[in-house]
Amino acid sequence: MEEKNREPVEKGKSLGETLEGQLALKGMKNRVFWREEVDSTNTWAKDYASRRGGKSLDRALFMAECQSAGRGRFQRVWDSRAGENLYMSLVLWEPEIPIQSASMLTLVMGLSAAKAATRITRKKAGIKWPNDVVLSGKKICGILTEMNIKENKPQYIIIGAGVNVNQREFSEEIRDKAGSLALEAGNDFDRAQVAAEILSCFEKAYKDFLKTQDLSVLKAEYEEFLLNKDQPARIIEKGVESRGIARGITDQGELLVEDQEGKIRKIFSGEVSVRGLYSYV
Ligand code: BTN
């Protein structure tokens, strides 16, 4: 099947084509695969990588105008309507990192999206650990990272990001916690520009990450965006709730939570949901 479906979307060019041009202007060499509709850009990227993977796929970006089965964390559905948002999956082919560092890339992308959202809207975005990007208390971006392992090393990692850019109406179930760049900043944004800014922030942060293969270089910057820092948190692990004060993250990206006795516990992001006491953050 033809992988580049360049049907016109905005001003005669598809979002994928416009983005490719913007990335070239920024000196970035991402290959952009574009389709009007897919089930999920993560699934598409995984499928492509498993059939036709290779070094040339490193930093390839799979994007779609809409997703019929967008996936979120904890097997949730990611609402993926057409024409307003970004649905994109970045492939890292044979990254030089151990398997246990792969989940940290979710935080690297979260940091990159928070920085990009701040630059673009001129409003300080925040991160709800581990990787929800939040603007004025509303989630504007979610990230889903998946990995394929070969010979005990990551063969490829796919970092999928869903960014609510110009969406202004949300379904009742998510209305109280979901927002968009446009809704929080008061004006629409060029989606290709938003994607290019996120990728450019990621490229820089990823270089820093590779120096140590963990978050030690990025931790201080991540914590500047961390909305949970020094805030009370409810931690829900396999249906069991505990409470504490979030104190920051470790070099591995775990959340440090202080309990009532002053003991610090490390929370691994895998199957845990963290909430504020009275609200989503
Ligand atoms: C979350 O639950 O917060 C993560 C949401 C991740 C959604 C993005 S949209 C692009 C990529 N394709 C998917 O199916 N999911 C991710």
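In each ligand, atom 1 is the first atom listed, and ligand 1 is the first ligand listed. For the single chain, residues carry numbers from 1 onward in sequence order. Treat the numbers as computed from the prediction; the structure is a model and nothing was measured.
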Say you draw a straight line from CD of Glu197 to CG of Asp190; how long is it, rounded to the nearest 0.5 Å?
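Reported to 0.5 Å precision, the distance equals 11.5 Å.
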Could you find the nearest protein heavy atom to [atom] and give me its residue, atom name and distance?
{"atom": "atom 5 (C) of ligand 1", "answer": "Trp78 CE3, 3.4 Å"}
{"atom": "atom 3 (O) of ligand 1", "answer": "Lys139 NZ, 2.6 Å"}
{"atom": "atom 8 (C) of ligand 1", "answer": "Gly162 N, 3.5 Å"}
{"atom": "atom 2 (O) of ligand 1", "answer": "Arg73 N, 2.7 Å"}

With a 4.0 Å heavy-atom cut-off (strictly under), which part of [X] contacts ligand 1: side chain, backbone, both or neither?
{"X": "Asn131", "result": "neither"}
{"X": "Gln67", "result": "side chain"}
{"X": "Ala161", "result": "backbone"}

So if I count the atoms of ligand 1 from 1 in the order they appear, which ones are less than 4.0 Å from some heavy atom of [X]?
{"X": "Gly70", "value": "14 (O)"}
{"X": "Thr41", "value": "10 (C), 11 (C), 12 (N)"}
{"X": "Gly72", "value": "1 (C), 2 (O), 4 (C), 5 (C)"}
{"X": "Met88", "value": "10 (C)"}

Has the side chain of Asn228 got a donor or acceptor atom that lies under 3.5 Å from a matching backbone atom of Gln231?
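Not at all, since once roles are kept as given, no pair shorter than 3.5 Å links the two residues.
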Are the side chain of Asn30 and the backbone of Leu23 linked by a donor-acceptor contact shorter than 3.5 Å?
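Such a contact is absent between Asn30 side chain and Leu23 backbone.
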So does Arg243 pair up with Glu241, basic N to acidic O under 4.0 Å?
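Salt bridge between Arg243 and Glu241, a charged N being under 4.0 Å from a carboxylate O: yes.
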Are any of the N/O atoms in Arg71 less than 3.5 Å from those in ligand 1?
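For ligand 1, there is an N or O atom that lies under 3.5 Å from one belonging to Arg71.
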Could you tell me whether some N/O pair between Tyr87 and ligand 1 is separated by less than 3.5 angstrom?
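In fact, backbone or side chain, Tyr87 has no N or O that close.
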Steps toward side chain to side chain donor-acceptor pair (under 3.5 Å) verdict (Thr43, Arg71):
CA-CA 9 Å; Thr43 309; Arg71 297 186 283 114; 3.1 Å; yes
Once salt bridge (charged side-chain N to carboxylate O under 4.0 Å, His left out) is applied, do any residues pair with Glu172, and if so which ones, sequence neighbours excluded?
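Glu172 satisfies salt bridge (charged side-chain N to carboxylate O under 4.0 Å, His left out) with no residue once adjacent residues are dropped.
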Would Met147 and Leu90 show up in the same hydrophobic cluster when neighbours are defined by side-chain heavy atoms closer than 4.5 Å?
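Yes: a chain of side-chain contacts under 4.5 Å links Met147 to Leu90.
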Results of side chain to side chain contact (heavy atoms under 4.5 Å, CB included) for Ile264 - residues two or more places apart only:
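Residues passing side chain to side chain contact (heavy atoms under 4.5 Å, CB included) with Ile264: Arg247, Leu256, Glu258.
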Taking atom types as modelled and ignoring hydrogens, do the side chains of Ser216 and Asp214 form a donor-acceptor contact shorter than 3.5 angstrom?
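Present: a donor and an acceptor within the cut-off.
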